Amino acid sequence: MSDNEQQAQAADNIPKVYDPQSFEKKWYEYWESNKLFHAEVDKSKKPYSMVIPPPNVTGQLHMGHALDETLQDILIRYHRMAGYNTVWIPGCDHAGIATQAKVEAKLRDEGTTRYEIGREKFLEQVWDWKEKYGNRIMYQLRSIGSSCDWDRERFTMDEGCSKAVREVFVSLYEQGLIYQGTRITNWCPDCNTAISDIEVDHVTEQGHLWHLRYQVEGEDRYVEIATTRPETMFGDTGVAVHPDDERYKDLVGKTLILPIVNRRIPLFADEYVDKEFGTGAVKVTPAHDPNDFEMGQRHHLEEIKVIGNTGKMLETAGKYAGMDRFECRKALVKELEELGVLVSVEDHEHAVGHCSRCHSTIEPLVSKQWFVKMDSLAKPAIEAVKSGRIQFVPERFTKIYENWLENIRDWCISRQLWWGHRIPAWYCDDCGKTSVSRTDLTECPHCHSKHIHQDEDVLDTWFSSALWPFETLGWPEKTPELEHFYPTATLVTGYDIIFFWVARMVMMGLAFGKDIPFHHVFIHGLVRDSQGRKMSKSLGNGIDPVEVIDKYGADTLRFTLITGNTPGNDMRFYWERVESSRNFANKIWNASRYMLMNLAGFDKSFQPTDDDYTLADRWILSRYAQTERNVTDNIEKFELGEAARALYEFIWNEFCDWYIELTKARLYDKTEEGRRSRETALYVLSFVLEHTLRLLHPFMPFLTEEIWQKVPHDESVKSIMIADWPAGQEHFINEAAEQQMTAIMETIKTVRNLRAEVGAAPGKKSEVELNFLDEALRPVFAANESYLTVLAAAAPVTLLPQGSAKPENAMTGLVDGVEIYLPLKGLIDVEKETARLNKELANVEKEIARLTKKLGNQGFITKAPAQVVEGERQKLAGYQEKKQSIESRIADLAKL
RNA sequence: GGGGUUAUAGCUCAGUUGGUUAGAGUGUCUCGUUGACAUCGAGGAGGUCACAGAUUCGAAUUCUGUUAACCCCACCA
C-alpha cells in the first residue's frame, strides 16, 4: 500500500463523532514527556513568562481555576507558537488558615486537638496532609491542558520561598517597615487568630440599639447612652459626648457610675462623637472597639478586656465569666432591664464584621501583633499603575486598585497559627530585647544569653504569595531566570483577589524585585451557576470541572469558558453551552474527517497555480487570511472570546457550510480530467484546515493536536504546540473574490428561500432564470453556475440576455445586481406573490427613505468622510434598483 | 456613606476608536437521513438596543440624569 492509501484507510477508521476521551490523556503525556512545556533561558528570543496564581495546596479544581487556567494557557500557547521564550511557572500555596483548619478538623474527628499533640507533631501531620492531598490539584490542572513547566514547580513553603520570605521580613524590619505593636486588631474567635482588615467581610445585619442609663455620681441624674453591644459594658472606662453638645455641657468632667460593676468612669468630650446618633453619648470600651481604643489613647483610659480569645467572657465580666459573648448579651440585657438600667430598645441595622473564612463575628481585641507599614510601599505601587507601566485589563480595575492603595492602613501580618512561615523574631528572656534574623538564633545578639525563644506566630499566607513572581524565579539569588523572565508578562486572576494578592505583589515586586512584577494584569470574573448564583459548597450548586472534562472533554470546557462573556465580567455556566461547544468540536472533527477520507492519492507536493483556483478557493483563502489577522489581533488585545468567536464563525459558517460543500463535486470526481481540480481542492482544504488548526490550538489544544497529526504538515515539527503561529497570509486577501462570492451566496440563499416558500420538493430541482442588473456579474455566474445547482438545487440555470422579457409565472427574488426568477409550471398564486413582494417593497422603501434623508442632509454630505457618503450612495442606488424591479414585477403580476 | 458593573430576541450573551438592513448560541415553528457531521442541513418567526435628555450630519455605541438588579469598599456607638 502506498502512503496515501494507508492514510486513507486510517481515515476510514476515524470515528464518526468527536471522542475526547480517546486522545486527551495521550497528548498530554506526549507533550509532557517530550518536555514541550519546559523552557530554558534563551536570550535570543523575547521572553514571555507567567506565574500561576498558586491554588491552595489541599484544594480541588473548581470552575474558577478552570477559567483562570484556560485563559493563561491560551496566552502561553499563543506566545510559545509565536516564537517567544515562554515559561509558565506552576505551584501551590500552603494556605495557612485553610490548610490548618482542615487538619484541625481531622484531629477533632480523632478526638484530639493541636494543643494536645503539640506544635511539632501537629506540623508533621500538616506536612503529611500536604503530601497526601497536596498535589491533587496540580494533577487536575493537567487535565484541562495547562502547559506549565512542571520542572519548575514551586511551593510557597519550599526552601527557596522560605528563604525569600525571611529575607524580605528581615529587610523590611531593618528599614523600619515592619514593626511590632500592641493594638486593637480584628480577631476571629473561631480561627483563634488575628486577621487583616481585608479578611473581614462586613455584613449588614438587623440588630438592636439598647439605651442604657448610667448614673451621675452623687446626683440623681442619669446619662443615657446607646449601644449595639451591651456585653462590652464591663470594659467601659468612660462615656464620651461631643464638645459642642449643649445637652451634656454641664456634665463633662463629672463621674458616672457604671451599673452592676459600680466602677467610677469619667464623662468626657471628644470630637469623634456624632451628636445626631443615638443619644449623643457613647460608652467607651477601649479594649473592644477600634474607635473607643483611639479615644482611650487620647484620653488615657484604662483598657479592660472582658472578652477572651475564644469569644468567652472573662473574669472581668463578673458572674458572666466563661459565658459565650452572645449568651452573655442576652442574659445581661435581661438583668439590665430588671435593674431599670435599660431605658429602651430600638431596631438598628448595622454592618458587622465577619471572618471571611469561617464567617464568625469578628471580635476587635487588643493584642501584640506584627505590622507592615504601608505608606512608603504603596506609593510606588500606585505610581506604577498610574503611569501605565502596569496595565489592568479591563482598565476599570485600575481605579479600584488605586483607590484601595490610597486608603490603605498598615497590614497585620502575624497569625496565631502554626502552619506557615514562622516569624523570624527571637525574644531574650534576660535582657528582654527582640532580635530579627535571617538565620535561626541560639543566643541573644545583645546580651549573648542563651535564654531566648522564637516568636510563636506565623506570617499571613499572603505575605509569601506577595513574593511569588520573583521568588519562583530564584530570588534572592541572582539567577539567569530572574534576569531574563522578570518582570513577568501577564498576571491572570480574578477580581476578587486584587487587594489580597495583586496589590501586594506590586508593592513587594517594586521593593525587592526592583521592578514591576508584571506588565499586564488580566482580570476575569466569577463563574456562576445558571441562575447567576455564586457556586459554593454550602449551596451545593458547584459544578465540578473534572466532571465536565470527563463527559465532554477539556477542549469543550475551555471553549465554553472563554466564549459568551467579556473580560472582567462574571459568567453563567450552562450545560447547553457546553453542548454547543462540544458540537463545535464535533464539527471540526467531521470537517477534518471529510478531508482525510478524501486524501487518498493526493500528491503532497502538488502546488496549484493561480489558474487552478476556483472562485470558492480564492474566497476561502481570502476569508482565512482575514481570520488569521482577526484572531491574532484579538489575542494581542486580550479579547480571547472574540478571537474564539471569529474562529467559530469562520470554521462553521464559511469553511464547513460553504466551502466544503463546494468541494464535494470536485473531490468525488475521480476522472482524470477532474484530477487537477480535485488536487487543488485538497490542497486548499488542507492548507486552510492546517492553518486554522494552528490558530485554534491555544483554545482547543487536544483536538487540534489529534487532527493536526493526521493532516499534511511540516514533518520536522513534532507537535502543533510548537508549530509556528500562522502569519503572513495577507496576500490571499481578495476583495473581488469576496464580493463575487457574496453575490452568489446571496443568490443561493434567495433561491432556497423561494423554494421553501413554494414548498418545492426537496429532491426536485428548480428552474432558475437570472437577469443581471450588474453585467459584471454575468461572467462570474456563468463560470460558477454549478454552485447554484449544488447548493440551491437550481437547474437549469438560465442567464437571461440583456433586455429579455421576464417570465410571467415566476416567483421573484432580488439581490444586489441580480434579479432571480423561479418560473413555475402551474399558475403562481398571484395574490400571495403580490403580497410577498409588497412586503419586500415596503422594506426597501423604508431603507430608501432612510438613505434619502441621510443623503439629503447637507451636514452629512459635508462632514461625514467621503468614503462613508459614497458607501451610502451606493446602497441607495442598490435599493432604488431593487425598488424599480419589484414595482415592475408587481405591475406584471397585476396584468395576469 | 463612597465607588463600580449590568440593562440588546423567550433565555444566556456578543456587538473594541460613533456610519451594520443590530448579531450568535439556545429555545421555538416548517421542511429535510444514500458518502464529514441528526452532536447535522435548509428556511422562517422573534428586538422602540431600560427610560428621559444632551452632544453630533449621524448614537445600541459618547455625556448627563432617572429607574432596576448585582457587586466592592467603609471603625457612627
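The chains referred to below are lettered A, B, ... by the order of the sequence lines, with proteins before strands, and numbering in each begins at 1. The model shown is predicted, which means the values in this text are computed figures rather than measured ones.
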As a quick check of understanding, evaluate side-chain hydrogen bond (donor to acceptor under 3.5 Å, both in side chains) for Thr563(A) and Arg577(A), giving each step before the final call. CA-CA 9 Å; Thr563(A) 50; Arg577(A) 293 200 47 238; 3.0 Å; yes

Begin from the C-alpha positions of Phe559(A) and Phe699(A) and carry the test ring-ring contact (aromatic ring centres under 6.0 Å, His included) through to its verdict. CA-CA 7 Å; Phe559(A) 202 80; Phe699(A) 304 91; 7.3 Å; no

Is there a ring-ring contact (aromatic ring centres under 6.0 Å, His included) between Trp575(A) and Phe573(A)? Walk through the geometry before answering. CA-CA 7 Å; Trp575(A) 284 104; Phe573(A) 185 92; 5.4 Å; yes

Begin from the C-alpha positions of His354(A) and Glu205(A) and carry the test side-chain hydrogen bond (donor to acceptor under 3.5 Å, both in side chains) through to its verdict. CA-CA 11 Å; His354(A) 290 261; Glu205(A) 284 179 6; 2.5 Å; yes

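Arg229(A) comes within contact range of no nucleotide atom at all, as no heavy-atom separation falls under 4.0 Å. Using a 4.0 Å heavy-atom cutoff across all strands shown, Glu579(A) reaches no nucleic acid atom at all. Residue-level contact check: Tyr648(A) touches the backbone only, with heavy atoms under 4.0 Å from sugar-phosphate atoms and none from bases. In this structure, Asp274(A) reaches the bases: a heavy-atom distance under 4.0 Å links it to at least one base atom across the strands shown. Within 4.0 Å of Lys399(A), counting heavy atoms only, lie sugar-phosphate atoms of the nucleic acid but no base atom. Contacts of Pro865(A) with the nucleic acid, taken as non-hydrogen atoms under 4.0 Å apart, include base atoms. Contacts of Ser530(A) with the nucleic acid, taken as non-hydrogen atoms under 4.0 Å apart, are absent. At the heavy-atom level, Glu642(A) lies under 4.0 Å from base atoms of the strands shown. The residue Arg409(A) sits close to a base: some heavy atom pair falls under 4.0 Å. Contact annotation for Asn843(A): no contact, since no heavy-atom pair falls under 4.0 Å across all strands. Looking at heavy-atom distances under 4.0 Å, Val284(A) makes no contact with the nucleic acid at all. Looking at heavy-atom distances under 4.0 Å, Lys16(A) makes contact with sugar-phosphate atoms alone, never a base. Residue Phe277(A) is classed as a base contact, given a heavy-atom separation below 4.0 Å to a base. Note on Glu639(A): a base of the nucleic acid sits closer than 4.0 angstrom, heavy atoms only.
Taking the nucleotide of RNA chain B with the nearest heavy atom to each of Met571(A) and Lys749(A), the more 5' of the two is matched to Met571(A). Residues Phe499(A) and Ile400(A) each lie close to RNA chain B; by heavy-atom proximity, the contact nearer the 5' end of the strand is made by Ile400(A).
Under the 4.0 Å criterion applied to side-chain N and carboxylate O atoms, Arg298(A) and Asp270(A) are assigned as salt-bridge partners. Using a 4.0 Å cut-off between charged side-chain N and carboxylate O, Lys749(A) and Glu746(A) make a salt bridge.
No donor-acceptor pair closer than 3.5 Å links the side chain of Asn630(A) to the backbone N or O of Ala643(A). At least one donor-acceptor pair closer than 3.5 Å links the side chain of Glu199(A) to the backbone N or O of Ser196(A). Side chain of Asp570(A) to main chain of Gly525(A): no donor-acceptor pair is present (N/O by atom type, distance under 3.5 Å, no hydrogens or angles). At least one donor-acceptor pair closer than 3.5 Å links the side chain of Asn590(A) to the backbone N or O of Asn586(A).
Judged by distance alone, the side chains of Asp236(A) and Tyr214(A) do bring a donor and an acceptor atom under 3.5 Å apart. Neither side chain, Thr398(A) nor Glu395(A), offers a donor N or O lying under 3.5 Å from an acceptor on the other.
Here, C63(B) and U55(B) have their C1' atoms 7 Å apart, quoted to the whole Å. Here, A69(B) and A24(B) have their C1' atoms 25 Å apart, quoted to the whole Å. A38(B) sits 11 Å from G32(B) when the C1' atoms are compared, rounded to a whole Å. Taking the C1' atom of each, A50(B) and U6(B) are spaced 11 Å apart, rounded to whole Å. Taking atom C1' in both A60(B) and G19(B), the straight-line distance is 13 Å, to the nearest Å. Nucleotides G25(B) and G3(B) have their C1' atoms positioned 34 Å apart, rounded to a whole Å. A gap of 9 Å separates the C1' atoms of U8(B) and C13(B), to the nearest Å. Taking atom P on both nucleotides, U20(B) is separated from G58(B) by 14 Å, rounded to a whole Å.
At C13(B), none of the side-chain N or O atoms of Arg577(A) fall inside 4.0 Å of OP1 or OP2 (strictly under the cut-off). Look at Lys875(A) and you'll find a side-chain N or O under 4.0 angstrom from OP1 or OP2 of U21(B). Residue Trp652(A) places no side-chain N or O under 4.0 Å from the OP1 or OP2 atom of U39(B). Distances shorter than 4.0 Å separate none of the side-chain N or O atoms of Arg396(A) from OP1 or OP2 on U5(B). At the phosphate of C76(B), neither OP1 nor OP2 sits under 4.0 Å from any side-chain N or O atom of His348(A). The phosphate of A14(B) (OP1 or OP2) has no side-chain N or O of Asn565(A) nearer than 4.0 angstrom. Distances shown here put every side-chain N or O of Thr228(A) at or beyond 4.0 Å from the OP1 or OP2 atom of A77(B). For G43(B), the OP1/OP2 oxygens have a side-chain nitrogen or oxygen of Arg752(A) closer than 4.0 Å.
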Here RNA chain B, pairs taken as Watson-Crick or G-U under 3.5 Å and shown with ( ), [ ] when crossing and | when to another strand, reads (((((((..((((.....[...)))).(((((.......))))).....(((((..]....))))))))))))....

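Nucleotide C73(B) holds its P atom 9 Å from the NE2 atom of His202(A), rounded to whole Å. Taking atom NZ of residue Lys637(A) and atom C1' of nucleotide U17(B), one finds them 9 Å apart after rounding to whole Å. Atom CZ in Arg533(A) sits roughly 13 Å away from atom P in C71(B) (whole-Å rounding). Note: CD1 (Ile651(A)) to P (C40(B)) measures 15 Å, nearest angstrom. Atom C1' of nucleotide A24(B) and atom CZ of Arg645(A) are separated by 7 Å, given to the nearest angstrom. Distance CD (Glu406(A)) to P (A74(B)): 14 Å, rounded to an integer number of Å. Atom CG of Asn753(A) and atom C1' of G44(B) are 8 Å apart (whole Å). One interatomic measurement links the two molecules: CZ of Phe293(A) to C1' of A77(B), which rounds to 17 Å at whole-angstrom precision.
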Output one letter per nucleotide in nucleotides 30-35 of chain B: B when a protein non-hydrogen atom lies under 4.0 Å from the base, S when only the sugar-phosphate is that close, - when neither is. --S--S

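His520(A) pairs in a ring pair (Phe, Tyr, Trp, His ring centres under 6.0 Å) with only one of the listed residues (Phe638(A), Phe397(A), Phe392(A)), which is Phe638(A).
You'll find that the side chain of Arg593(A) is closest to C37(B), out of C13(B), C37(B), U21(B).
Other residues, nucleotides and ligands place no more than 12 heavy atoms under 6.0 Å from the CD atom of Gln867(A).
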